[in-house]
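First comes the structure, then the notes that go with it.
By convention in this document, chain letters (A, B, ...) are assigned in the order of the sequence lines, proteins followed by strands, and residues within each chain are numbered from 1. Only a predicted model underlies this, so the values are computations on that prediction, with no experimental measurement involved.
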Amino acid sequence: MQTWSLVSLCVLLGVTVRWGVSLNSYSGAEKPPMFGDYEAQRHWQEVTYNLPLKDWYFNTTENDLNYWGLDYPPLTAYHSLICAFVAKKINPEWVELHKSRGYESEAHKLFMRATVLVADLLIYIPAVVLYCLYLTDGSSKKKVSTVFCFLLYPGLILVDYGHFQYNGVSLGFALWGVLALGLGCDALGSVAFCLALNYKQMELYHALPFFCYLLGKSVKLGLMGRGLFLLVRIASTVLVIFALCWLPFLSDPGHAMQVVRRIFPVARGLFEDKVANTWCSLNTLIKIRSILSSDSQMYLSFACTLLAVLPSCIRLLTKPTFWQFKLALANSSLAFFLFSYQVHEKSILLAALPVCVLLNDLPLMAIWFLQASTFSMLPLFLKDGLLVPYVVTSLGFLFFSIYLLSALEHCSEEELRLGAYHKLLFYLPKLDLAWIVKWKFYISIAVMAGLSVVTVALEPPPHLPDLFPVLVSTAAFLHFFGTFIYFNIVQFSEPPIRKSQKKTN
Amino acid sequence: MATVDSWSWFPALALGVSLLKCLFINAYHSTDFEVHRNWLAVTHSLPVSRWYHENSSEWTLDYPPLFAWFELGLSHAARHFDSDMLQLQNLNYVSRQTVLFQRLSVVFTDGLFIYAARECCRCVQEQKGTRDVLIRPSFVLAVLLLWNFGLLVVDHIHFQYNGFLFGFLLLSLAKHLQSRHLQGALLFAVLLNLKHIYLYVAPAYGVYLLRSYCFTQDGRDGSVRWSSFSPLRLLALGSIVASVCALSFGPFVYMGQLPQVLSRLFPFKRGLCHAYWAPNFWALYNTLDKSLAMLGVRLELLQEAELPRASMTGGLVQEFQHSVLPPVSPSLTVTCTLLSILPALASIWRRPRGARGFLRCLLLCALGSFLFGWHVHEKAVLLAILPLSILAVESREDAGIFLLLTTTGHYSLFPLLFTPAELPIKVLLMLMFTIYSFTALMKLYSGQGSLLRPLEVVYLLGLLAVALACEVAFPLTPWHQTLPFLPLLATSVYCSLGVCYSFLRLYVSLLRQEERPKQL
C-alpha cells in the first residue's frame, strides 16, 4: 500500500471519529441559566458580531462580562467574528444580540460542530500529518502508525468535539511551530507560535522552550555573527505578529491593558474544581487556600513553577537540539500544569501535545501519560454526558497505540531510557527496571479502569460527595508528577543514538 | 507490526470496527429502530400464538419465526436496560437506555459476522512469499468484509441486524469452501428461517448441493454421472433442512396459523418499487415509461389528461402506474427473475467447478433477483457485495467487477441517510472504503494490468459527478423545492446502469469459465 493512501485512510478515520463524537452532547446542553463552554463560544460570536471592537473586552450595558465575557486573546475573538458572519448568513437568530442567549437547536449544534471540524482540518490535522511524515524516525509504516495514534488521541477529541472548545486551533498552531523549528525554518516557527499564543494565552506553557531553543541556537551560532542576525530576525517577526494581532487595541494603552486583565484573571484563586495538579492534590492534606493569603498563594505558585521549569530550560539553552526541545516542551507544560496558578483540568491538553510529539520516540511512556491525561478529565466528560465516547475512544487509543507502535515489545531499559535511574538508585540492588515499569503500567491502567467504573456505577457516600473526583484527580496527579520526573531525567541523560534517521520504505 | 504468519491483525481490525460502531450510538436511526423495538415488545409480552396476529403497531412482525425467537432472546437482555421498551402500547418509545440497548445488541450480535469473516479469510488462497501483511489476500478480505461501508451504514446508523444474518451466510459459504456441506446447509436453513429475503439465493444452494453433494462423482469432462447418485446424502440434507423448518414453522402449523404467517412474510400488496427506487431494472423501466410519456405529451401523441396520475418517488410505499409501457405484475417479476438466473443454475449443474463456481452462481442469483425482483430494497445489494469480496481477493477479473459493483451499490445507499448530521459520516466512510478497496486490490494485482476498463473508469468518474451534483449542487438550485425527487431518480437510474453492467460481466465470467477446462 502506498503511504499516501494509508495516510489518507488515517485522516479519514480520524475525522470520522471526531464527527462520531460530535453527535453526542456538549457542555451545558439544556442547562440554563449559564449553560457551558458551547454557549460561551456562541456568545462570543454574538458579542463580536454585534458590538464594536472597542467594547468586546469591556463591561458595558450591551456586554455583560459576567455572562461568559471574552477572556481569550484577540485571535479567538477574530475567529468568533468569522464564525459569526457565517452563522448570520445561515440563520440570523443564532447571533442576535441578547435574544440569542442560550440558543440551542439541532441545526445550530451542527453548525458549531462543523466550525470545529473546519478549523481542525485547516490547522491541526495537516500539522500532525506533516510532523509525523517529516520529523519522526522509522519506516513509512511506522510513520503512518504514528499519524494514526496522534490523530486519535482521545483527550483532544473529547474536549473539542464533545465538551466543545477550539483547542485544535491553538495546539495546531503550536504544532506548526514545532514542525517549522524541526525543519529549520525558525522565523516561520515563531510566527506559528505567536499565532498560537494570541489564540489562547495558555500557550504560555510552551513559550519558554520556544524561547530557550531559539536563544540557545542563536548563541550557538555566535552572538556576534549569524546568531545575532537570527535573533533579530526572530524578535522582529514576533513583534510584527503581535502588533498585527493587537493592532485594533493598540491605539489606546488602557484598552490593551483591559484585554490583558481579562486574559489573566488573577482574582479567581489558586485552583478551581478538581484539577489534577499539585495544589488541588495537596489540598486533601493541607488546606493551602485557608492558610495563605491570595497574594502569597500567587507568589508561591509562581516560585514553584519557575523552579520546576528552570532545569529543563537551562538544559535546553545549553544544548539546543530538536530532541531537547521536544522534551523541554513536555517538561515545561507539565511544570506549568502542576504548579502554576489557576489551572483548568483541560489545560492538560497543553502537556499532551508535546507528549504526542514524543509518541514515536518513547511509545510506552507517551501512551501511558496520554491515557492518564484523558482519564484525568473523566469528571468533566461525565458531566457533559460523554461516557460512551470516552470509553470507546480511550479503549481504541490504548489498544491501537500499543499494538501499532509495539509499545510493550519495545520496552527494554535502553529503549525506555532508564539508564539514569540506575545511577540515581545505585544504593539499591540491581533491579530489572523495564520489568517494573511494565508492571506499573499494567497496574495503573487497571486503577484507571477501576476508578472509571466506580465513578460511573457507584453513588459516593453522602458525607463525601466529592470522593470519586478527588480520587480521580489524585491518581492522575501521581501519573503527571511521575511523568514530569521521568521526562526531566530523560532530558538530562544522553540523547538517543539515531539508528535509522532517513530510512524510507 | 505483526509478523507474517500471525493473525494478530484480525482481532485488531474487528475491535477497531466494533468501537467505531459504538460511536454511532447517538446517530440518526430510521423507523426500523421502532420496528425492532416493537418486535421485542410483541415477542416479550405476548404468547407465541399471538405473535403473527398482533397489529397494534403498523410495524407488524414480518420475519420468519426464528427471528421472532431471536427477538425474544434479546428482550430478556433488554429487560435489564429499560423494561418500558417491552410494553406493547409504548409505540415510538425512544429512551436513552433503549437506544443504548438496541445499538449494542447490533454491535454484539455482529460477533457472529466477525467469526464468519475469520472463517472466510482462512479459506482464501494465500500467495506465497508475501511478507507484507497489508497486501495479503486474507488481510484485504478481512477489511473488505469487516469494514464494509454498506453494513456499517445500514446496520449501525440506519438500524438493522444484517451483520448477524450475513454472519450465517458467510459462515455457510465458508463451510462450503471447506467442503463441509452439511454444516453449510444447516446454517443456510437457519438463515432462511431468520430472514426469508435469502430465498433469493436459495436456488443456487439447491442446485449446488444436489449436484455436488448428492452426486459423489463427476464424469470425465465434469458432467453429471447419474450412477453416482447417493440417496443417503439426499436424505441427510433433506432431513436437516426439514427439521430446521419444522422447528421454526412447526408450532405455527400446529396452531393452524401457517396462512397468517405466510401472508405476513410475503406482502405482495406493496408496489413494484420501494419508496426510493433500488437501482435495478425496474428503475430503468419506470424512467423509460416516464420519459416516453413526457415525450408523447410533447409530440401530442398522448393526452395529458388521459394519463394515470403517476406518482414518482414520493416517499411512500405505493403503486407506480405506468402510462405508456405495459404494467408489471408480481408474477412477471418472478418470471423475469427465474429467467435471469436460469442460465447460471444450468451452468453449475452441467459443470459445478467447486465451491467457487457455486459462489459465482449465488452472486448471480442475488443480483438477478435484485435486478428483477418485486419491491426490492436498495439494501439488498449487500447480498451480492459481501460474497463477491471473497472472489475479489482471488481473481483479477472479479476484483474489477467488485470495484464497480461495490462503488455503485454503496453509493446507491446514500439516500438512506438524508439527515445533515450524518452526511459527513456517510461521505467519510464511503471514501475510506472506496480508497481502501481500490488501492488494496490494485496493489494485490500490481503488475497484472489495470483492474478496470476505460469505459468503467469513465462510468465511475460519472458517479462522482452525479454525487457532487446531487449532494452539493442540487440543493442550491431552484429545482430543490419543485422537483425534490430528482436527485433520487438520478442516483437510482445511474446506479442501476452500473449494477446491470456488473451483472452482465459476472455472467460473462461464469459462462466463459465453462468453456475452459475444469478449474480447481
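For A:Val388, the part sitting under 4.5 Å from any heavy atom of chain B is the side chain, from C-beta outward, and nothing else. If you measure heavy-atom distances from A:Ser22 to chain B, you find no contacts under 4.5 Å at all. Using a 4.5 Å cut-off between heavy atoms, B:Leu444 makes no contact with chain A at all. Proximity to chain A (any heavy atom under 4.5 Å) is restricted, for B:Ile25, to the side chain, taken from C-beta onward.
The local environment of CD in A:Glu459 is sparse, with at most 12 non-hydrogen atoms from other residues, nucleotides or ligands closer than 6.0 Å. Dense packing is recorded around NZ of A:Lys109, with more than 12 heavy atoms of other residues, nucleotides or ligands lying under 6.0 Å away. Within 6.0 Å of CZ on B:Arg396 lie more than 12 heavy atoms contributed by other residues, nucleotides or ligands.
Taking 4.5 Å as the limit, some side-chain heavy atom of A:Trp4 sits within range of a side-chain heavy atom of B:Thr439.
When atom types are taken as modelled, the side chain of B:Tyr436 and the backbone of A:Leu6 share no donor-acceptor pair closer than 3.5 angstrom.
The CG atom of B:Asn26 sits 9.5 Å away from the CG atom of A:Leu386 when rounded to the nearest 0.5 Å. Annotation: the span from A:Trp19 atom CH2 to B:Leu23 atom CG amounts to 13.5 Å, rounded to 0.5 Å. Interatomic distance, B:Cys22 SG to A:Leu395 CG, rounded to the nearest 0.5 Å: 9.0 Å. For the atom pair CD (B:Glu422) and CG (A:Leu110), the distance works out to 9.0 Å, reported to the nearest 0.5 Å.
Residues A:Tyr403 and B:Ser8 share a closest heavy-atom pair of OH-OG, 3.2 Å. Considering every non-hydrogen atom in both B:Ile435 and A:Ser5, the closest pair reads CG2-CB, 4.3 Å. Across B:Met432 and A:Leu9, no two heavy atoms sit closer than the pair O-CD2, 3.3 Å.
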B:Ile425 vs A:Leu23, side-chain contact (heavy atoms from CB on, under 4.5 Å): CA-CA, chis, key distance, verdict: CA-CA 10 Å; B:Ile425 292 186; A:Leu23 296 174; 3.7 Å; yes
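Of the candidates A:Val15, A:Leu13, A:Val17, B:Leu428 forms a side-chain contact (heavy atoms from CB on, under 4.5 Å) with just one, namely A:Val15.
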